[in-house]
Amino acid sequence: MIRITLPDGSVREVKEGASFLEVANGISPRLGKTAVCVRWNGELHDLRETVSADGTLSVVGPGQPEALNTLRHTASHVMAQAIKRRFPNARLGIGPAIEEGFYYDLDLPSPLAEDDLEKITADMREIIAADLPIARRELSKDDARTLFEKRGETYKLELLNDIEGETVSIFEQGEFVDLCRGPHLRSTGGLRADAVKLLSVAGAYWRGDEARPMLQRVYGTAWEKAKDLEQYLWKLEEAAKRDHRKLGKELDLFSIHEEGGAGLICWHPKGARLRRTIEEFWYAEHDRHGYDIVTTPHIGKAQLWTISGHLGFYRENMYSPMDIDGADYFIKPMNCPYQILIYKTRGHSYRELPMRMAELGTVYRYERSGVLHGLLRVRGFTIDDGHIFCRADQVDDEIRGVYDFALSMLTAFGFRDFDIYLATRPHAGKAVGEPERWEQATDALRAALDARGLPYKVDDGGGAFYGPKIDIKVKDTLGRPWQCSTIQFDFNLPERFDMTYIGEDGAEHRPYMVHRALLGSLERFIGCLIEQYGGAFPVWLAPVQAVIIPIADRHNAYAETVAERLRGAGLRAQVDDSAERMNSKIRAAQLNKVPYMLVVGDREAEAGAVALRLRSGEDAGAVPVEAFIQTASGIVRSKSAELWAGA
RNA sequence: GCCGGCGUAGCUCAGCCGGUAGAGCUACGGUUUCGUAAACCGUGGGUCACAGGUUCGAUUCCUGUCGCCGGCUCCA
């Protein structure tokens with residue numbers, strides 16, 4: 001007999017070879033009926049699998065995340081089956097469940113079109129309606145090989161070769177067979193035809209390797225109920241409304257021009273205003289944190305990039321050189337070499353370390369055309385680039401300081417939801433610098449992370465060749481993560497540039513060097529910011545903080561005096577003196593997501609007041625101009641996310 | 001860069017199977033001067049991304065280039 005421990009601590013005995021389904025049925029027929037899969041010793045297993053040793057079991061039923069995952073995995077099989085019915089020559093790649101759906105990669109003789117998706121969907125409905133039982137079989141690798149060879153599934157054969165162990169599992173439904181670990185639903189009828197939707201088709205390299213064939217990846221999503229699908233699609237629509245590319249146009253923040261070049265941003269007055277607000281805050285914060293601000297050139301001779309190693313390691317991201325008086329000059333892809341040159345203009349004492357240098361340095365990098373994306377991935381961008389040169393004994397404090405600084409910056413802008421990574425030494429000798437230095441540096445990074453206590457993931461081997469790093473990523477509206485802050489150790493450049501300082505012992509020492517960007521780049525950061533707020537920025541960031549709306553032309557003069565008073569108090573205010581009606585002006589301001597609309601008519605002019613309407617739609621009533629300035633200024637100063645302090 | 005889709009007025013979009021284009025908003029002119037999300041009337045505005053090709057004739061079909069979108073790969 002086999003002893004199975006259940007979540008409530010109770011133990012059940014079953015005979016060896018019983019399936020999980022039988023076990024579930026034994027616990028209660030009702031549980032057996034609804035069970036989707038099981039968690040066996042912490043891992044997900046199919047109901048049809050059998051028990052052969054003691055373990056802990058929890059049965060996964062509908063409503064649990066694992067169940068959704070299983071359902072999506074089955075949906076991907078059903079889709080693959082439907083595609084194979086329509087295109088018998090299709091060869092299967094892989095088809096997993098993903099965060100909010102599933103995909104299947106297939107090698108198809110011809111590309112799929114939009115209306116193919118509809119046809120495939122129709123076939124899927126049939127397969128679901130037929131309620132084909134899904135069978136799980138275990139067989140030896142050799143048998144599996146024969147099976148998939150016969151079916152011409154060359155990709156499956158390749159996968160088979162990489163699987164460890166002697167036996168593999170396959171899942172079958174009707175004529176469809178797939179090499180798969182599972183788990184799966186019991187039959188195709190477990191899916192709801194009205195809760196499955198195919199979304200898009202895209203190319204994907206086999207096993208993510210661009211040297212290998214490109215398969216067609218069909219993305220879909222599947223839910224337990226039609227209502228869940230609807231809700232998901234609604235969420236996608238809402239996310240699309242916050243897309244920074246769309247908002248950038250609507251709010252007149254920036255533009256990119258075909259004539260100018262892809263990935264090159266023109267900041268319009270309002271976008272530039274937003275950017276300037278960020279820069280001003282950034283400079284103030286860096287002053288406060290003991291940084292020296294520098295400015296470095298945009299181009300540099302080949303010699304500089306040879307010393308730095310960029311021409312060796314980074315050439316494919318750099319633009320072609322320009323000839324100046326017979327010498328090759330390159331547009332800078334990074335700011336660090338020049339900051340190092342500044343460091344090297346004189347000797348340094350151990351006493352003046354740490355030295356913290358920073359600049360808003362605009363760099364240009366070649367990015368492959370297919371990866372450009374609005375403000376989030378561009379070819380010309382401004383890094384809030386800083387470098388810390390310090391002694392070994394200062395490393396810990398510096399890292400902790402930078403990490404805290406990075407988090408405080410992100411937090412100031414309202415970001416709460418980000419992913420933190422500790423990227424460690426690359427494997428297989430692809431790293432420069434002695435192991436002890438790596439260890440010390442990685443420990444310093446880890447200590448800083450632990451000190452703050454925020455959850456982080458270790459990206460094993462994900463460090464740069466020149467040092468380990470901490471990356472902080474912010475997600476866009478579609479859930480795609482974008483790296484903003486980065487803190488990177490560098491064992492490479494101090495060597496290459498032969499950087500030194502004179503220690504207490506009178507001898508030359510090599511300083512530690514840390515590259516850090518807190519916002520990442522202004523372009524990307526602002527892109528994330530736009531999406532974060534859906535364009536409705538907190539008051540302190542809003543390009544226009546108040547629009548003054550005269551009711552009739554005779555109120556224009558008063559409106560202008562109000563605007564001047566606001567501007568005198570440092571608030572960004574404009575008068576809408578267009579020939580439109582007040583309603584239209586309010587609508588315009590509302591669409592521009594201006595926090596404050598100050599309506600002025602006879603009553604307000606008389607009283608020296610404004611009728612305050614908030615972006616939220618709330619009518620805050622008449623407020624004396626001075627009182628408005630006081631409250632609004634306070635909100636700006638505190639960088640509050642609140643629109644107005646309830647009086 | 002690769003796979004697929006797309007590119008029509010400043011913006012959002014319509015234009016069936018080849019016969020040189022249309023709406024709303026914007027802009028401009030006029031009337032209206034109005035109390036919390038679009039006043040009314042009128043006038044402009046397009047080498048249909050660009051370059052070739054097929055055709056009597058191309059916005060429409062084909063090829064190339066550029067750009068955009070979704071992915072893959074890669075990064076701040």
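In the text below, chain A, chain B and the rest are named by the order of the sequence lines, each starting its count at 1.
- Annotation: of the two residues near RNA chain B, A:Ser521 and A:Ser369, the 5′-most nearest-nucleotide partner is A:Ser369.
- The salt bridge (charged side-chain N to carboxylate O under 4.0 Å, His left out) contacts involving residues 405-422 of chain A comprise A:Asp419-A:Lys475, where partners must be two or more places apart or lie in separate chains.
- Applying the side-chain contact (heavy atoms from CB on, under 4.5 Å) rule to A:His298 yields the partners A:Thr362; only residues at least two apart in sequence or on another chain are considered.
- Residue A:Tyr219 is in sugar-phosphate contact alone, with no base atom involved, counting any heavy-atom pair closer than 4.0 Å across all strands shown.
- If A:Arg613 and A:Glu580 are placed on RNA chain B by their nearest nucleotide, the residue sitting closer to the 5' end is A:Arg613.
- Within the 4.0 angstrom heavy-atom criterion, no nucleotide atom of any strand lies near A:Lys585.
- Applying the side chain to side chain donor-acceptor pair (under 3.5 Å) test to A:Glu618 and every residue at least two apart in sequence or in another chain returns nothing.
- Base engagement by A:Leu591 is indicated by at least one non-hydrogen atom pair under 4.0 Å involving a base atom.
- Taking the six-membered ring wherever Trp is involved, the centroid distance between the rings of A:Trp644 and A:Tyr596 falls below 6.0 Å.
- The outermost nucleotides of RNA chain B lying under 4.0 Å from heavy atoms of chain A, listed 5' to 3', are B:G1 to B:A76.
- Nucleotide B:C11 is matched to B:G24 when pairs are restricted to Watson-Crick or G-U wobble geometry with both distances under 3.5 angstrom.
- By the side chain to side chain donor-acceptor pair (under 3.5 Å) test, A:Thr154 is found to be paired with A:Arg91, residues two or more places apart in sequence or in another chain being considered.
- Pair assignment for B:C6: B:G67, on the basis of Watson-Crick or G-U wobble contacts that are both within less than 3.5 Å.
- Searching all strands for a Watson-Crick or G-U wobble partner of B:U55 with both distances below 3.5 Å returns nothing.
- To the nearest whole angstrom, the two C1' atoms, one in B:U65 and one in B:G19, are 28 Å apart.
- No engagement by A:Tyr364 is indicated, since no non-hydrogen atom pair under 4.0 Å with the nucleic acid exists.
- Within the nucleic acid shown, A:Gln483 comes within 4.0 Å of sugar-phosphate atoms alone, with no base atom in reach, counting heavy atoms only.
- In this structure, B:G1 forms a base pair with B:C72, meeting either the Watson-Crick or the G-U wobble geometry with both donor-acceptor distances under 3.5 Å.
- Among the atoms of the strands shown, base atoms are found under 4.0 Å from some heavy atom of A:Arg365.
- The stretch residues 202-212 of chain A comes close to RNA chain B through A:Ala202, A:Gly203, A:Ala204, A:Tyr205, A:Gly208, A:Glu210, each having a heavy atom under 4.0 Å from the strand.
- Looking at heavy-atom distances under 4.0 Å, A:His257 makes no contact with the nucleic acid at all.
- Residue contacts for A:Ile551: at a heavy-atom cut-off of 4.0 Å it reaches a base atom on one of the strands shown.
- Residue A:Ala262 is classed as a sugar-phosphate contact, given heavy-atom separations below 4.0 Å to backbone atoms only.
- Residue A:Glu604 is classed as a base contact, given a heavy-atom separation below 4.0 Å to a base.
- Going from the P atom of B:A76 to that of B:C16 covers 46 Å, rounded to whole Å.
- Comparing the C1' positions of B:C48 and B:A58 gives an interatomic distance of 11 Å, to the nearest angstrom.
- Residue-level contact check: A:Asn583 touches the backbone only, with heavy atoms under 4.0 Å from sugar-phosphate atoms and none from bases.
- Remark: B:A39 base-pairs with B:U31; criterion is Watson-Crick or G-U wobble with both hydrogen-bond distances under 3.5 Å.
- Considering A:Glu398, A:His387, A:His289 in turn, A:Glu398 is the only one that fulfils the side chain to side chain donor-acceptor pair (under 3.5 Å) rule with A:Arg356.
- Heavy atoms of A:Arg603 sit under 4.0 angstrom from at least one base atom.
- Partners of A:Glu604 according to the side-chain contact (heavy atoms from CB on, under 4.5 Å) rule, which considers only residues two or more places apart in sequence or in another chain, are A:Tyr558, A:Val600, A:Ala611.
- Among the atoms of the strands shown, base atoms are found under 4.0 Å from some heavy atom of A:Val378.
- With ring centers used as reference points, A:Phe313 lies 6.0 Å or more from A:Tyr466.
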Considering only distance and modelled atom types, tabulate donor-acceptor pairs under 3.5 Å from the side chains of residues 575-583 of chain A, sequence neighbours left out.
{"from": "A:Asp576", "atom 1": "OD1", "to": "A:Ser578", "atom 2": "N", "distance (Å)": "3.1"}
{"from": "A:Asp576", "atom 1": "OD1", "to": "A:Ser578", "atom 2": "OG", "distance (Å)": "2.8"}
{"from": "A:Glu580", "atom 1": "OE1", "to": "A:Ser584", "atom 2": "OG", "distance (Å)": "3.4"}

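- With sequence neighbours excluded, the residues that form a side-chain contact (heavy atoms from CB on, under 4.5 Å) with A:Ala406 are A:Ile472, A:Ser485, A:Leu518.
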